[in-house]
There are 2 protein chains.
Amino acid sequence: MSKESVSIGLSAAIVAVEGERPSVLVVAHDGAADALPFGPFDPAQQRTLESGLRKWVGEQTRFGLGYTEQLYTFGDKGRHESAAGTRVVSVGYLALTRQGKEAPETEWRGWYHYFPWEDWRDSKPAMIDSTILPALKKFVKDAPNAEAAELRRERVNVCFGEGWDEERVLERYELLYEAGLVEEFWRDSGRTNKGPSLGTPMLYDHRRILATAIARLRGKLKYRPVVFELMAPTFTLLELQRAVEALAGLRLHKQNFRRLVAEQGLVEGTGKFNAPVRGRPAELFRFRRVVLRERPAPGVRLGVRRSKAS
Amino acid sequence: MSKESVSIGLSAAIVAVEGERPSVLVVAHDGAADALPFGPFDPAQQRTLESGLRKWVGEQTRFGLGYTEQLYTFGDKGRHESAAGTRVVSVGYLALTRQGKEAPETEWRGWYHYFPWEDWRDSKPAMIDSTILPALKKFVKDAPNAEAAELRRERVNVCFGEGWDEERVLERYELLYEAGLVEEFWRDSGRTNKGPSLGTPMLYDHRRILATAIARLRGKLKYRPVVFELMAPTFTLLELQRAVEALAGLRLHKQNFRRLVAEQGLVEGTGKFNAPVRGRPAELFRFRRVVLRERPAPGVRLGVRRSKAS
DNA sequence: CGCATAATACTCATTTCGAGTATATATGTG
DNA sequence: CACATATATACTCGAAATGAGTATTATGCG
């Protein structure tokens, strides 16, 4: 067995929501592609991978992390190599925080810059019908044989066909990658893209890690009360709804959303009210930490709405 | 930064179901603890982590893997160290297969040997009330301070309290580990256990990886048709139900289970029937692969039953 | 035939879900 | 102040999903 050294890298998709904008902390040097905060894992100093993560994220970004969750470990050759030629295996994490002032070299960026097709809040993004589906149709036709074409057709249908499943963020990104619709595909294969390039590209496989993070978060929303990690200590129900909508990329039915949240005992009123610009003042609520004890799987069930009316 | 070398290990929880027994492929040397098939990742030879996995699993166990899924990457100090003292970071995988003849050195072992408290099919396992809860009560009392005690109380309640959530396999194992109720805790801390030791221990952190695998599989069952990876090409609905029950560790309501499976279009009848020992013959069904195209998130929803009757 | 046993079909009450209407409380405008 | 507008909150309604059960059908066996 040959002896080639491996090093472990840690990347984190650090997510916050500000009003209606879900954002991710990126390291942006001029000219170079945006990157997720990334650091090496030092086995001599750190007892666990996660403590290593917390340490250098703290150093690099001055952020205290709240909820963190490991996402996936990527070790693909060619996707990420260190200068010395050692193989880098990167472990991706999702971390939730309240948006604060970013440290030097980093900035908050709305995550739909990277995934414009994932935001269905206003309406179905036009690019899906105008660009994505035609290009994917071609991708199906270009399959090497009939069986492969059938497989591709199924994937296209599951990802972008009838019945939008907001959780399939990674599947959609991977499909667009294979179809050559995102810049990373051309960069990784060393060729030049002559077709459309969707969304803002990122360094290495960081957009894939971010896709994994969004997918995981959208799923988790429904059965664990993770949104509250992103909210201020008190908030109105509409603010909470907007945060969930921002993350899920969908509009929710207001009345039903409040019913669900209330029924599940996720929040309690504070008796105080906000001072709205117009309209009736809304009560400020806080998260009821006790539900973690009371209910086996509390989460913000979505209560999606399918019609147009509000 | 000190220079300590790291190596990557790959472990796989290879799962099959035989009748009512969910089982996992283990490497069992006499005397030594059972281990998951485990091998080093050779960065020089392998392009991706998964291809590395497939290669040595094939060599060691002669098994072709079907569905595989990465689970989690563990790097805790002390939980797994190589002879040379290098730090081993292990990437765990879940793989599903149909049970066949095992290769030398490996054998199929029912996974409830390792997690006897997870099988609620007959009834709530007696050990929970007789052993686990009393010991955990003591664990809560032994907390260093009141706040820690409260945290521990919440965890105990979520893991073993009212409302069994069959997916929390990992959380429960970790809690039992910290409370010193599984052998690995004492082995890892170099002390001798004088209290109860629950379930069969495994090498290194393999039981933790297996717990992660079971948790993931139990979750996935409900929204992806993964059970069919474990079934023969044709099967009766009761066989399918028994497989799901075996994995989930719960009994389901027969009539409702068939309604769900049928309504979702997961299976189609073959027109053939089995030859039962007694009773009316059951139709043999096969998995309808097309649902992967038709429905966004097909899965075997459970239809849990809460009463005793069949 | 008359059981026992299992498969399959059908019924029913309750809960959940999506959608919508109604009412309450604020601001701003003429 | 009356009224339009905007937002918050409460309540209603029908359709579908869910949990639980009864009824009927098809076998083998004594």
Side-chain angles (χ1 to χ4, degrees), chain A residues 19-20 163-164 166 222-223 234-242 244-245 248 250-285 295 297-310, chain B residues 19-20 163-164 222-223 234-242 244-245 248 250-285 295-310:
Chain A
E20 303 226 21
W164 181 257
E166 81 284 353
K222 294 174 195 150
Y223 61 96
T234 68
F235 45 82
T236 68
L237 292 180
L238 187 58
E239 283 164 0
L240 181 65
Q241 184 184 336
R242 292 289 177 243
V244 173
E245 288 176 341
L250 293 172
R251 284 286 167 215
L252 306 179
H253 186 282
K254 188 170 172 175
Q255 297 91 325
N256 290 344
F257 178 81
R258 52 174 40 246
R259 178 175 62 187
L260 282 177
V261 169
E263 266 173 6
Q264 291 186 106
L266 289 173
V267 298
E268 61 190 354
T270 61
K272 292 179 182 161
F273 291 80
N274 72 347
V277 187
R278 34 175 200 240
R280 173 173 167 176
E283 186 167 7
L284 292 168
F285 289 80
R295 294 176 54 90
V300 179
R301 273 173 301 162
L302 293 187
V304 180
R305 130 186 126 192
R306 299 199 217 284
S307 71
K308 42 254 74 212
S310 182
Chain B
E20 302 224 25
W164 180 257
K222 295 174 193 151
Y223 60 97
T234 69
F235 45 82
T236 69
L237 292 181
L238 187 59
E239 282 163 2
L240 181 65
Q241 183 183 337
R242 293 287 178 243
V244 173
E245 288 176 339
L250 294 172
R251 283 286 168 217
L252 307 179
H253 185 281
K254 188 172 175 175
Q255 297 91 324
N256 291 344
F257 179 82
R258 45 173 48 243
R259 177 175 64 186
L260 282 176
V261 170
E263 266 172 7
Q264 290 187 105
L266 289 172
V267 297
E268 60 190 355
T270 60
K272 291 178 183 163
F273 292 80
N274 71 349
V277 188
R278 36 178 197 238
R280 176 174 167 175
E283 185 167 8
L284 292 167
F285 289 81
R295 296 178 53 90
V300 179
R301 272 174 300 160
L302 293 188
V304 180
R305 132 184 125 193
R306 301 199 215 286
S307 70
K308 40 241 91 196
S310 181

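Letters A, B, ... are given to chains in the order of the sequence lines, protein chains preceding strands, and every chain is numbered from 1.
- For A:E283, there are no salt bridge (charged side-chain N to carboxylate O under 4.0 Å, His left out) partners at least two apart in sequence or on another chain.
- For A:Q241, the side chain to side chain donor-acceptor pair (under 3.5 Å) partners are A:E245, not counting sequence neighbours.
- For the side-chain contact (heavy atoms from CB on, under 4.5 Å) criterion with B:Q264, the lone passing option out of B:V261, B:L266, B:V267 is B:L266.
- The CZ atom of B:R259 sits 11 Å away from the C1' atom of D:dA16 (whole-angstrom rounding).
- Going from atom CD of A:Q264 over to atom C1' of C:dC17 covers 13 Å, rounded to whole Å.
- Distance, A:L240 CG to D:dT9 C1': 16 Å, rounded to whole Å.
- Contacts of A:R280 classified as side chain to side chain donor-acceptor pair (under 3.5 Å), with partners at least two apart in sequence or in another chain: none.
- Within the 3.5 Å criterion, the main-chain N or O of B:L284 finds a donor-acceptor partner in the side chain of B:T270.
- Between the CG atom of A:N256 and the P atom of C:dG20 there is a distance of 10 Å, rounded to whole Å.
- Each end of the helix from C:dC1-D:dG30 to C:dG30-D:dC1 gets its own rotation axis from five pairs of C1' atoms, and the angle between them is 20° to the nearest 10 degrees.
- The interatomic distance linking A:L284 (CG) with D:dA8 (C1') rounds to 13 Å, in whole Å.
- A sub-4.0 Å separation between OP1 or OP2 of D:dA8 and a side-chain N or O of A:K254 is present.
- Taking atom NZ of residue A:K222 and atom P of nucleotide C:dC17, one finds them 13 Å apart after rounding to whole Å.
- Nucleotide D:dG21 holds its P atom 19 Å from the CZ atom of B:F257, rounded to whole Å.
- The pair A:E166-A:K222 counts as a salt bridge, with a side-chain nitrogen and a carboxylate oxygen less than 4.0 angstrom apart.
- A:E268 meets the side chain to side chain donor-acceptor pair (under 3.5 Å) test with A:R286; sequence neighbours excluded.
- The interatomic distance linking A:R258 (CZ) with C:dT21 (C1') rounds to 16 Å, in whole Å.
- Put simply, the side chain of B:N274 gets close to the backbone of B:A282: a donor and an acceptor are under 3.5 Å apart.
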- prompt: How would nucleotides 23-30 of chain D be written as a contact map, 5' to 3', with B for base contact, S for sugar-phosphate-only contact and - for no contact, using protein heavy atoms under 4.0 Å?
  reply: --BBB---

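- Residues B:E20 and B:R251 are paired through a salt bridge, judged by an N-O separation under 4.0 Å between the basic side chain and the carboxylate.
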